[in-house]
Protein chains: 2
Amino acid sequence: MSPVPAVAALDWGTTRLRAWLLDGSGKVLAERRGDDGLITAREKGFAKVLEGHLDAMGAPDTLPVIICGMAGSRQGWIEAPYVTVPAPIGAILRGAARIEGLSRDIRIVPGLAQRLTEAPDVMRGEETQLAGAGLPAKGRHLVCMPGTHSKWVAVADDAVEGFGTWPTGELFSVLATHSILKHSLGEHPAPVAAGSPFFRQWCERALGEGGDVTSKLFAIRAAGLLQDLQSADAAACLSGLLIGGEIASAKRRYGASEAPVVLVASGALATLYGAALGLAGLAFRTVDADEAVRAGLAEAARENGMIGGAS
Amino acid sequence: MSPVPAVAALDWGTTRLRAWLLDGSGKVLAERRGDDGLITAREKGFAKVLEGHLDAMGAPDTLPVIICGMAGSRQGWIEAPYVTVPAPIGAILRGAARIEGLSRDIRIVPGLAQRLTEAPDVMRGEETQLAGAGLPAKGRHLVCMPGTHSKWVAVADDAVEGFGTWPTGELFSVLATHSILKHSLGEHPAPVAAGSPFFRQWCERALGEGGDVTSKLFAIRAAGLLQDLQSADAAACLSGLLIGGEIASAKRRYGASEAPVVLVASGALATLYGAALGLAGLAFRTVDADEAVRAGLAEAARENGMIGGAS
């Protein structure tokens, strides 16, 4: 007999959705993945999309639902207003906004806003990964969450002090597709291996320049003309340059913490960032990004009284 | 009676072409502009496009022609091989490659290659602007040539020591059109005024970060969400950030020279870069980019013996 789910948890982004049924301890009982992110859900209706996935997993009508991600943005289902940092992680989770007018208890975790005149920034979704990253309750920790828009978060004594965004994944994609570098990388850039000497070299160059990457972008093109750089290696150059630049820049902004950097990532990205953090001389430990978001959603359900106390 | 032309001079780029008839002193007798850059000319035939423009200006069949720009690249009419720097400017101009098999004397000024392992770079066209920028024959000079791919050139005693490329114009265009910033800048970004406080603020931020601009790109988006930044001002932010970053980065690479920076630019770009150089604390003098390329082409014609000695 399968155990009874305590809550449904969703990471609902712009283009994708992941849903799980969790028991009271946060253990996964069922999983669904879909392309019906908020862009699709705005057309079909958020409630309909959600119920479809819950039905498919056999969730009871009374099961509460906790959601994080862009579904809580102004363009989403309802806006779960940003919590302004600095803020304790527990207080952020407890700020989940309830969807009114439905019998089912559905809540969306708020995003974070950094309201600094010189460094305004926002996140939505990563705050939940952060809550599930298993950070020690005490001490200062620097968390790196790589992706399309990489986030670096400074956490002290279980509270978010501040954070920053480096659009590294988006820059790679936009430059590879729409800039002169498309001639260097070719139509379908090869996956980048962390062991590539080109990745390492260009990462070290960016680290040496303190995050100034724009001065080196055209050099990738020139290396093709003058040094016979091949297209698969050009992708490794661009990846190394952008990731190295991100790390150099974040290191300068946040300083080195005593504790190892907490790298919240999965798969190839975890390997590339691990290699680059090593080149930057930063100790790190990796937390799986998928596990972190599930753990964070379970924690949010607990903080909002949707399931029983801590497991 | 109109004076007799001594040479036809062309700046023949990827998408555009400008042609002049010059007298023996470099004075302009006629001018043509066309959209038949090398992309179009590869289809129509370079000789045919050239003769069409020469005919329209009433050039005699025997008039020699000097050309600079991408027409001399591997994808151009013929490849005028790169001259490797360091190199004296006179020697660069004298390396013009002749088109064989035509009765008319047609030569293309070579581009420059910087064959450094860590900083490979190329230029084609800007070397001619540089030759025509009226630099003093003695001393060290730093030249800034802004554009799609901005070039900074270190010149000492009339020789190019080295140079670098910052793809500032391309980054603005690619990010405005294809990145998340398109939501911030709107469909048709407003022209940026050098007097805009947003241009100034974001330029100063980039200068303060030593050329690290990627850490601040997403902040333009966040400023729209949190600080009600309007789209016309967002374009000024992006422009200020990228130009400030270019200047900070070039300043770090080449150091400050005793002589003022020579800014080779025209129109709005000259004004924006002038404002940004001022914010960076760099003295500068402006040379009109159109005049510089014509003067450089006339000088190239003289150095190759196509017209008489210096005027």
Side-chain angles (χ1 to χ4, degrees), chain A residues 73-74 82 84 111 113-123 148-152 164-168 170-171 173-175 177-181 201-202 204-206 208-227 229 242 245-246 248-250 252-253, chain B residues 73-74 82 84 111 113-123 148-152 164-168 170-171 173-175 177-181 201-202 204-206 208-227 229 242 245-246 248-250 252-253:
Chain A
S73 70
R74 201 169 301 174
Y82 293 118
T84 299
Q114 176 170 282
R115 300 180 189 277
L116 299 178
T117 310
E118 301 235 332
D121 217 320
V122 293
M123 70 163 66
T148 304
H149 295 155
S150 294
K151 305 288 181 185
W152 287 70
T165 302
W166 281 256
T168 301
E170 179 168 28
L171 279 172
S173 159
V174 163
L175 293 170
T177 312
H178 299 290
S179 84
I180 196 173
L181 292 183
Q201 270 170 17
W202 288 73
E204 283 174 341
R205 286 175 193 176
E209 295 268 7
D212 163 15
V213 303
T214 59
S215 67
K216 300 212 169 290
L217 286 171
F218 190 78
I220 297 174
R221 173 75 176 147
L225 298 168
L226 301 179
Q227 299 169 351
L229 179 72
L242 294 175
E246 174 188 332
S249 173
R252 201 176 62 247
R253 185 180 296 180
Chain B
S73 69
R74 201 169 299 173
Y82 294 116
T84 298
Q114 175 169 284
R115 299 180 190 277
L116 299 177
T117 310
E118 301 234 332
D121 217 319
V122 294
M123 70 163 67
T148 305
H149 296 153
S150 294
K151 305 287 180 184
W152 287 71
T165 302
W166 281 256
T168 301
E170 180 169 27
L171 279 173
S173 160
V174 163
L175 293 171
T177 312
H178 299 291
S179 84
I180 195 172
L181 292 184
Q201 270 170 17
W202 288 73
E204 284 175 339
R205 286 175 193 176
E209 295 268 6
D212 163 15
V213 303
T214 59
S215 67
K216 300 212 169 292
L217 286 171
F218 190 78
I220 297 175
R221 173 75 177 146
L225 298 169
L226 301 180
Q227 299 168 352
L229 179 71
L242 294 175
E246 175 188 332
S249 173
R252 200 175 63 246
R253 187 181 295 182

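None of the values given here were measured: they were computed from a predicted structure. In what follows, every heavy atom counts, from backbone to side chain, and hydrogens, waters and symmetry copies are set aside. Here is the naming used below: chain letters follow the sequence lines, and residue numbers restart at 1 for every chain.
- In terms of heavy-atom pairs under 4.5 angstrom with chain B, the leader among A/G211, A/S215, A/A223 is A/S215.
- Within the 4.5 angstrom heavy-atom criterion, only side-chain atoms of A/E170, from C-beta onward, approach chain B.
- The candidate with the highest count of non-hydrogen atom pairs below 4.5 Å against chain B, out of A/S173, A/S150, A/S179, is A/S179.
- Proximity to chain B (any heavy atom under 4.5 Å) is shown, for A/E246, by neither the backbone nor the side chain.
- Side-chain atoms of B/R221 and A/V122, non-hydrogen and from C-beta on, never get closer than 4.5 Å to each other.
- Scanning all heavy atoms of the two residues, the minimum distance from B/Q114 to B/A119 falls at NE2-O, 2.9 Å.
- B/L181 does not touch chain A: none of its heavy atoms, backbone or side chain, sits under 4.5 Å away.
- Listed options A/E209, A/R115, A/H149 were ranked by heavy-atom pairs under 4.5 angstrom with chain B; first place goes to A/H149.
- Between B/A248 and B/G210 the shortest heavy-atom distance is CB-C, 3.7 Å.
- Between B/D212 and A/R252 the shortest side-chain heavy-atom distance falls below 4.5 Å.
- At least one side-chain heavy atom of B/F218 sits under 4.5 Å from a side-chain heavy atom of A/K151.
- Contact annotation for A/I220: neither backbone nor side-chain heavy atoms come within less than 4.5 Å of a heavy atom of chain B.
- For chain B, the option among A/K216, A/R74, A/R253, A/Q201 with the highest count of heavy-atom pairs below 4.5 Å is A/R253.
- Shortest non-hydrogen contact noted between B/P120 and A/L226 is CB-CD1, 4.3 Å.
- Note that the CG atom of B/L175 and the CG atom of A/L175 stand 7.0 Å from one another [nearest 0.5 Å].
- At a 4.5 Å heavy-atom cutoff, the contact between A/H178 and chain B is made by backbone and side-chain atoms alike.
- Heavy-atom pairs under 4.5 Å with chain A peak, among B/L171, B/V213, B/I180, at B/I180.
- In this structure, the portions of B/E118 lying under 4.5 Å from any heavy atom of chain A include both its backbone and its side chain.
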